[in-house]
Visitor: 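One structure, as structure tokens, below. Some questions next.
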Amino acid sequence: MRDTSPPALVQVDGLKMYFPIHSGVLRRHTGDVKAVDDVSFSINAGETLGLVGESGCGKSTVGRALLRLYEPTAGRVIIDGEDIAQLSSEALRKKRPTMQMVFQDPQASLNPRMSLSSIIGEPLVEHTPMTAAERQGRIYELMDQVGLNRRFANRFPHEFSGGQRQRIGIARALALNPKFIVCDEPIAALDVSIQAQVVNLLEDLQEKFGLTYLFISHDLSMVRHIADRVAVMYLGRIVELSPRDDLYARPLHPYAEALLSAVNEPDPDRAKTRKRILLKGDLPSPANPPKGCNFCTRCPKVFARCLTEKPDLVHVEYGRQVACHLFDPINTASGSTGGSEDQEHLQHGVTQ
Amino acid sequence: MADGAAPVLDVRGLTTVFHTRQGEIHAVNSVSFSLKRGEVLGVVGESGSGKSVTMMSLVGLLPAPPAEVRAGEVLLGTSDLLKMNAQGLSDVRGAKVGFVFQDPMTSLNPVFTVENQICEPLIRHLGMTKQQARARAVELLDLVGIPDAAKRVKSYPHQFSGGMRQRVMIAIALACEPDILIADEPTTALDVTIQAQILELMKDLRQKLGMAIIWITHDLGVIAGIADRVMVMYGGQVVEHAPVGEIFHNPQHPYTRALLRTIPKITGQREKRLSVIEGQPPIMTDAPRACAFRARCAHRFDRCEAENPLRRTLDSLPLGIGHDVACHWSPEGADA
Ligand SMILES: Nc1ncnc2c1ncn2[C@@H]1O[C@H](COP(=O)(O)OP(=O)(O)OP(=O)(O)O)[C@@H](O)[C@H]1O
Ligand SMILES: Nc1ncnc2c1ncn2[C@@H]1O[C@H](COP(=O)(O)OP(=O)(O)OP(=O)(O)O)[C@@H](O)[C@H]1O
Ligand SMILES: [Mg+2]
Ligand SMILES: [Mg+2]
């Protein structure tokens with residue numbers, strides 16, 4: 001079915017983003033932080049791709065590189081038919097309104113000297129011919145949408161709580177009716193009711209305007225709610241990319257499994273009795289990843305091959321991609337995760 | 001107190017306002033609570049309900065003006081922090097009360113290395129030498145799960161990811177092994193496995209050092225896992241306060257009840273649309289004279305309009321459970 005579907009709105013191929021490390025008095029280039037190391041995925045128009053994974057694994061960097069807020073070290077990022085990495089600065093400026101980002105750190109992304117209405121109105125001034133009155137109307141509309149009281153319009157960022165500031169960022173990202181939004185932890189600072197409000201809003205906009213989202217979040221229950229497919233990252237690489245329901249019902253990659261087992265359920269009785277897969281072992285640094293699988297230092301299911309060879313992200317069953325030697329045909333005899341489901345793996349076989 | 005011990009922190013009638021061009025904002029209205037040694041108090045509540053401002057008021061972290069702590073007592077042992085001078089407060093903050101801020105970038109200094117910032121309190125409050133402090137800084141980063149700590153300690157905050165910055169903040173707050181840790185949304189930027197690791201670390205410290213913790217979070221899953229008692233805030237006031245099991249299984253305040261309904265589930269039927277609490281939060285331009293939640297409350301009646309409810313203890317429960325709620329209505333249907 002995938003083959004007959006329309007071309008993806010976002011197509012990422014072999015994206016790498018390395019940050020150079022300089023050390024010593026001469027500030028010599030002595031290595032790189034491999035924040036994103038060969039990542040490929042696509043997002044269809046109108047789809048929400050969830051991006052989850054350990055803190056520091058490169059999620060924000062992927063989001064920023066996608067919108068060319070960073071110059072990627074390697075790889076192609078095609079959004080709506082255009083290779084973002086190749087655009088001239090003028091072409092990029094024209095393209096900007098169609099792709100927006102809601103930032104993880106609201107404090108750092110809001111100009112402290114601008115009032116709320118000028119922050120939200122700034123992109124309107126820059127990219128639309130609206131009159132001041134039209135603009136004011138649009139600003140109020142956006143404030144209503146994200147649940148900010150209109151009476152706050154002339155306040156400054158420091159006069160808001162953390163969650164209120166996050167909503168200012170969301171309103172600004174929505175101002176120009178973008179096609180594609182990278183939402184980097186858009187709801188982490190919000191209380192649950194406003195989280196729900198913002199997520200409902202994102203879903204409404206998606207339904208109305210066919211918006212496409214990359215939704216970066218640590219909140220796995222919210223990702224379950226909003227995402228169609230979910231990519232799980234670990235140390236700069238995607239380890240699993242699966243449709244939502246499949247992932248939550250039966251995570252394939254051992255890291256995805258550990259991650260889902262660690263979710264905090266809002267129930268104090270269950271919190272005491274539940275079973276977590278606790279990860280032991282050293283967390284490697286992205287400047288010096290292991291030779292084999294990036295997860296091999298902590299994987300409860302590690303075996304010899306994992307220490308020497310990096311697994312590629314391959315299709316293992318319909319619509320599901322995993323980067324793990326356990327799912328490689330050579331090893332299907334020696335192991336697989338999740339006992340009762342083994343049969344099914346073999347039936348589906350390898351589709352690539 | 002159940003175990004007879006005096007609280008390490010006792011807050012009474014704390015009231016904080018902001019003076020703005022548009023007049024006063026009554027951010028915190030007569031908030032009272034106490035904290036025992038080794039106890040974890042979870043604080044939840046709507047965005048803008050005054051959680052951060054309450055905690056910053058305790059230890060003199062709000063710039064005045066525009067802030068003014070108008071009334072109250074904050075007893076740390078026998079001394080009232082609200083009466084203390086700036087020097088005294090700064091010593092308290094360094095050594096006795098650790099603070100993890102909601103927004104790591106506002107409290108980390110961008111022009112100093114992480115090492116610098118962790119070492120500073122160690123040298124100033126614990127009298128360590130530079131060398132001792134450096135070794136301790138690496139240990140602390142390691143403790144909060146930063147890989148390759150010895151090398152990364154030389155980095156600047158912007159070279160860290162959001163979650164790593166948050167962990168640096170936690171390391172700084174824990175540096176002097178404080179009696180009380182106030183953690184404002186300390187794990188929002190952390191994935192669940194590292195969150196679990198930080199929670200374990202905190203539980204450990206409270207066991208070993210008897211550290212008491214105030215944990216502000218929107219994540220009710222974290223609250224369920226770590227808190228002994230929970231305080232629910234709305235409109236600058238405490239609207240409900242109870243042991244954690246009571247909050248989840250016997251919530252009284254309509255806001256608490258609505259809050260528990262809005263959490264998306266990780267298992268079972270996936271909801272088509274998330275439920276929200278309709279309406280807007282109060283603006284808080286005046287001291288509350290009526291119930292702050294009334295406009296959004298399905299159970300409101302005349303009295304809610306006329307009178308701001310005081311916190312009342314549920315007397316249907318065995319003594320010592322200590323569940324109180326500020327609401328005129330009650331779920332048993334026995335409206336006063
Ligand atoms: N400007 C930079 N210079 C050097 N290293 C950087 C820079 N930005 C990010 N990094 C490093 O790249 C890695 C990935 O960072 P990134 O912010 O993408 O992580 P993340 O997955 O978003 O984490 P979090 O969930 O904590 O926000 C981290 O090790 C981080 O320290
Ligand atoms: N400097 C300031 N000037 C004016 N009003 C302020 C200032 N700082 C905070 N406020 C107001 O005080 C109220 C309480 O803010 P606070 O930061 O305590 O909320 P919070 O409960 O921590 O919310 P969140 O969960 O979003 O962090 C908010 O309505 C906010 O707008
Ligand atoms: Mg990030
Ligand atoms: Mg706050």
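Fair warning: this is a prediction, and the values are worked out from it, not measured in the lab.
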Visitor: Sort A/Phe152 into side chain, backbone, both or neither according to what part of it lies under 4.5 angstrom from a heavy atom of chain B.
Guide: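 Contact with chain B: side chain only.
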
Visitor: Determine the sole option in A/Gln195, A/Arg167, A/Arg165 for which the side-chain contact (heavy atoms from CB on, under 4.5 Å) test with B/Ser47 is passed.
Guide: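 Exactly one candidate clears the test, A/Arg167.
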
Visitor: Hey, is CZ on A/Arg151 packed in by over 12 heavy atoms from elsewhere, all under 6.0 Å?
Guide: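 It does not: A/Arg151 CZ has 12 such atoms or fewer within range.
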
Visitor: Go through B/Lys51, B/Glu200, B/Arg167, B/Arg261 and name the one with the most non-hydrogen pairs under 4.5 angstrom from chain A.
Guide: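 Going by pairs under 4.5 Å, I would pick B/Arg167.
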
Visitor: Tell me, for A/Asp144 versus chain B, whether the close heavy atoms (under 4.5 Å) come from the side chain, the backbone, both or neither.
Guide: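 Looking at A/Asp144, nothing touches chain B.
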
Visitor: Is it the side chain or the backbone of B/Ile277 that comes within 4.5 Å of chain A heavy atoms, both, or neither?
Guide: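 Both the backbone and the side chain of B/Ile277 come within 4.5 Å of chain A.
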
Visitor: What distance separates B/Leu220 CG from A/Ser221 OG, expressed to the nearest 0.5 Å?
Guide: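 Nearest 0.5 Å value for the CG-OG distance: 10.5 Å.
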
Visitor: Can you say whether B/Ile226 sits under 4.5 Å from chain A via the side chain, the backbone, both, or neither, judging by heavy atoms?
Guide: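 Nothing of B/Ile226, per the 4.5 Å heavy-atom cut-off to chain A.
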
Visitor: Would A/Asn288 and B/Lys151 count as a side chain to side chain contact (heavy atoms under 4.5 Å, CB included) here? Give the steps.
Guide: CA-CA 11 Å; A/Asn288 187 18; B/Lys151 224 185 246 159; 5.9 Å; no

Visitor: If you count heavy-atom pairs under 4.5 Å between each of A/Asn200, A/Val192, A/Leu220 and chain B, which one has the most?
Guide: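 Sorted descending by pairs with chain B, the first entry is A/Asn200.
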
Visitor: Rounded to the nearest 0.5 Å, what separates atom CD1 in A/Ile21 from atom CZ in B/Arg152?
Guide: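 Separation between the atoms: 7.0 Å.
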
Visitor: Could you check if a side-chain atom of A/Ser55 sits within less than 4.5 angstrom of a side-chain atom of B/Gln166, using non-hydrogen atoms only?
Guide: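 No, too far: nothing below the 4.5 Å cut-off.
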
Visitor: Given side chains that start at C-beta, do those of A/Glu159 and B/Pro66 come closer than 4.5 Å, heavy atoms only?
Guide: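 Counting from C-beta outward, A/Glu159 and B/Pro66 never come under 4.5 Å.
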
Visitor: Check whether B/Ser275 gets within reach of chain A through its side chain, its backbone, both or neither, counting any heavy atom under 4.5 Å.
Guide: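 The backbone, not the side chain.
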
Visitor: Report, by ascending residue number, the residues of residues 18-26 of chain B in heavy-atom contact with chain A at a distance under 4.5 Å; give 'none' if the set is empty.
Guide: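 Within residues 18-26 of chain B, near chain A: B/Thr20, B/Arg21, B/Gln22, B/Ile25.
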
Visitor: Does any backbone or side-chain atom of B/Gln159 lie under 4.5 Å from a heavy atom of chain A? Answer side chain, backbone, both or neither.
Guide: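 When you check distances to chain A, no heavy atom of B/Gln159 falls under 4.5 Å.
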
Visitor: For A/Asp219, is it the side chain, the backbone, both, or neither that has a heavy atom closer than 4.5 Å to a heavy atom of chain B?
Guide: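 Neither part.
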
